[in-house]
There are 2 protein chains.
Amino acid sequence: MSPRARKSERRTDALSRERIIDAAVELLDAAGEGGLTFRVLTERLATGPGAIYWHVANKGELLDAATEAVVASALAIGPVEPPASPQDGIRAVALGLFDAIDEHPWLAAQLATQLSRSPSRSVTPRILESIGRQVSALGVPVSSQFTAASALMHYILGAAGQNAVNGRAAGPDVDRGEFLDAASKAWKELDPDDYPFTRAVADQMRAHDDRAEFLAGIALILAGITTVHPPTA
Amino acid sequence: MSPRARKSERRTDALSRERIIDAAVELLDAAGEGGLTFRVLTERLATGPGAIYWHVANKGELLDAATEAVVASALAIGPVEPPASPQDGIRAVALGLFDAIDEHPWLAAQLATQLSRSPSRSVTPRILESIGRQVSALGVPVSSQFTAASALMHYILGAAGQNAVNGRAAGPDVDRGEFLDAASKAWKELDPDDYPFTRAVADQMRAHDDRAEFLAGIALILAGITTVHPPTA
DNA sequence: ACCTGAACACCGTTCAAGT
DNA sequence: ACCTGAACACCGTTCAAGT
């Protein structure tokens, strides 16, 4: 019963890097990047700023750590059991990231900007690895694997990022349907001479299903990969 | 010679929304998003903050305006003469944005985050229009044009954004070659069990040419589009 | 109509001091 | 080793006042 004897018990109220990161993710989820503040973080954790700086170098590192934690858990979901096909594997990875960004919209800016800010501790290798293994299994020649995997990764980050914006468009209180209606309407009111295409697809934009559209883009790239690099089976 | 008589002359020292935006772009180019401050902006323009707020609602609007200005000029370069083929047109648009983000790295985060923040005044339609026209010329059926154009746009934004990070990685004083060397080295030191793919492509990553790699991704997507939607010629 | 500049609330970060 | 909390420099924004 001495303090030393129950070393393995959790001191639930102790501050730790992990608890700080968890709280940071919560704040980011609740109010976006602007919602993560050392003031509210200290309040939430019932400490002073100095305590946080003991565990974390600065706000940038905290954001990186939060990003890494969320991405890691997003990519850990799929690979528990091997996919039926490389294509399925790629779709699983893609949807994992898509859903993560949908749940944590602040991830979009984070991934677009901080990615590989520093070579190590970056989240890029983790994503590239998950995609690359499937690309390799697809039979793409080694010399083209980096290109193919990168293309998929860039599409995923670009698309999911875009979607995060559509999701929480102008604050959490704006309905998604209303937002798409407004956007579609705005597109239709563009100058016919300058924007013939955009006006023409305004209806498709309003009617589209995010996930399906996202997967259709993946399918397009997969078709390109297998066309340029036909399986040698 | 009365003030009214030379109404058409430029008062070069007068403040205007345009001059503010120009100065903002300069500051962003010089020091990234952190470099754009109302303090240094007022100093540069020799005014007070109130003067700027007279022309611009807030910092967000200023960032949007800067983004719009840069994107507009980037997309205006290509379409002067019609491209030899739709594929060439798509490559021109893609490279225009790629180069713009390369020149103005802060654009990456801006495009990833602010894109279509508000339906109107957004820069999305401008990009989608430029791509969509070429997709339409490619013979893609109307019902799939939005999907194809979106896929291209998402890839372009994702890839160019990633590239912006690689370009100015850890500050302007870090050499690009050094950075790639360090990243490649770090990739090779990853755990062999967890990162077989990333380790295997570390050399390709270091050796790759950004523009060529970017265009190879475009080629992959174009191949996918023409495979899924073969021209009816 | 357009600009000035002091003032406000808030931010990330530091650091001497405690335990 | 870990935490406290006052303090610092800086930020975006406002607004009464000038012209």
Side-chain angles (χ1 to χ4, degrees), chain A residues 3-4 7-28 30-67 106 109-110 113-114 117 171, chain B residues 2-4 6-28 30-67 106 109-110 113-114 117 171:
Chain A
R4 208 171 269 142
K7 198 180 170 187
S8 61
E9 283 190 31
R10 296 215 191 129
R11 283 172 47 199
T12 48
D13 57 282
L15 204 54
S16 69
R17 193 179 152 90
E18 197 190 2
R19 276 197 45 182
I20 294 172
I21 294 171
D22 286 349
V25 170
E26 277 178 36
L27 292 178
L28 288 165
E33 187 158 347
L36 176 57
T37 282
F38 276 82
R39 296 284 193 280
V40 320
L41 201 54
T42 55
E43 202 177 331
R44 182 76 78 98
L45 294 170
T47 41
I52 294 175
Y53 277 93
W54 175 261
H55 295 277
V56 158
N58 51 43
K59 192 177 181 179
E61 190 190 294
L62 183 52
L63 274 168
D64 281 352
T67 301
W106 50 273
Q110 208 57 22
T113 308
Q114 313 248 28
R117 181 160 64 173
Chain B
S2 79
R4 206 169 272 142
R6 37 173 163 130
K7 197 181 173 185
S8 60
E9 283 190 31
R10 294 216 191 133
R11 284 171 47 198
T12 48
D13 58 282
L15 204 53
S16 68
R17 192 179 152 89
E18 197 191 0
R19 276 199 43 183
I20 293 172
I21 294 171
D22 286 348
V25 170
E26 277 177 36
L27 292 178
L28 288 164
E33 188 159 347
L36 177 57
T37 282
F38 276 82
R39 297 280 192 282
V40 320
L41 200 54
T42 55
E43 202 176 327
R44 183 75 78 97
L45 295 169
T47 41
I52 294 174
Y53 277 94
W54 176 260
H55 295 278
V56 158
N58 50 43
K59 193 178 181 180
E61 191 189 295
L62 182 52
L63 274 167
D64 282 351
T67 301
W106 50 273
Q110 209 56 24
T113 308
Q114 315 249 26
R117 183 160 63 171

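Naming convention: chains lettered A, B, ... in sequence-line order (proteins, then strands); numbering from 1 in each chain. Because only heavy atoms are used, hydrogens play no part in the values below, and waters and symmetry mates are left out as well, while side chains stay in. Because the structure is a prediction, the values reported are computed rather than measured.
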Closest contact, heavy atoms only, A/Leu27 versus A/Leu36: CD1-CD1, 4.1 Å

Could you tell me which non-hydrogen atom of A/Val25 sits nearest to which non-hydrogen atom of A/Ala66, and how far apart they are?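 Nearest heavy atoms, A/Val25 then A/Ala66: CG2-CB, 3.8 Å.
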
Spacing between [X] atom [atom1] and [N] atom [atom2], to the nearest angstrom:
X	N	atom1	atom2	value
B/Asn58	D/dT13	CG	C1'	9 Å
A/Phe38	D/dA7	CZ	P	21 Å
B/Lys59	D/dC10	NZ	P	15 Å
B/Arg17	C/dC3	CZ	P	14 Å
A/Leu41	C/dT13	CG	C1'	14 Å
A/Tyr53	C/dA16	OH	P	17 Å
A/Ile52	D/dT4	CD1	P	10 Å
A/Leu15	D/dC3	CG	C1'	9 Å

Looking at the side chain of B/Trp54, which of C/dG12, C/dA1, D/dT13 is the nearest nucleotide?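 When the side chain of B/Trp54 is considered, C/dA1 is the closest of C/dG12, C/dA1, D/dT13.
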
Can you figure out which of C/dG12, D/dG12, C/dT14 approaches the side chain of A/Arg39 most closely?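 Closest nucleotide among those given: C/dG12.
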
Look at the side-chain N and O atoms of A/His55 and state whether any lies under 4.0 Å from the OP1 or OP2 oxygen of D/dC3. yes

Between C/dC3 and B/Thr47, is there an OP1 or OP2 to side-chain N/O distance shorter than 4.0 Å? no

Nearest nucleotide by nearest heavy atom, which residue falls closer to the 5' end of DNA chain D, B/Ala57 or A/Gly50? A/Gly50

When both hydrogen-bonding distances must be under 3.5 Å and the geometry is Watson-Crick or G-U wobble, what is C/dA7 paired with, if anything?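 Check on C/dA7: paired to D/dT13, both distances under 3.5 Å.
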
Side-chain ion pair, B/Lys59 and B/Glu33, N-O less than 4.0 Å: no

A/Glu18 versus A/Ile21: any side-chain heavy-atom pair under 4.5 Å? no

Donor-acceptor check, side chain of B/Thr37 to backbone of B/Val40, threshold 3.5 angstrom: yes or no?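 Pair absent, no side-chain N/O of B/Thr37 close to backbone of B/Val40.
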
Relative to the 5' end of DNA chain C, which residue comes earlier, B/Ala51 or A/Ala51, by the nucleotide with the nearest heavy atom? B/Ala51

Counting the atoms with a prime plus P, OP1 and OP2 as sugar-phosphate, which does B/Leu36 contact under 4.0 Å by heavy atoms, base, sugar-phosphate, or nothing? sugar-phosphate

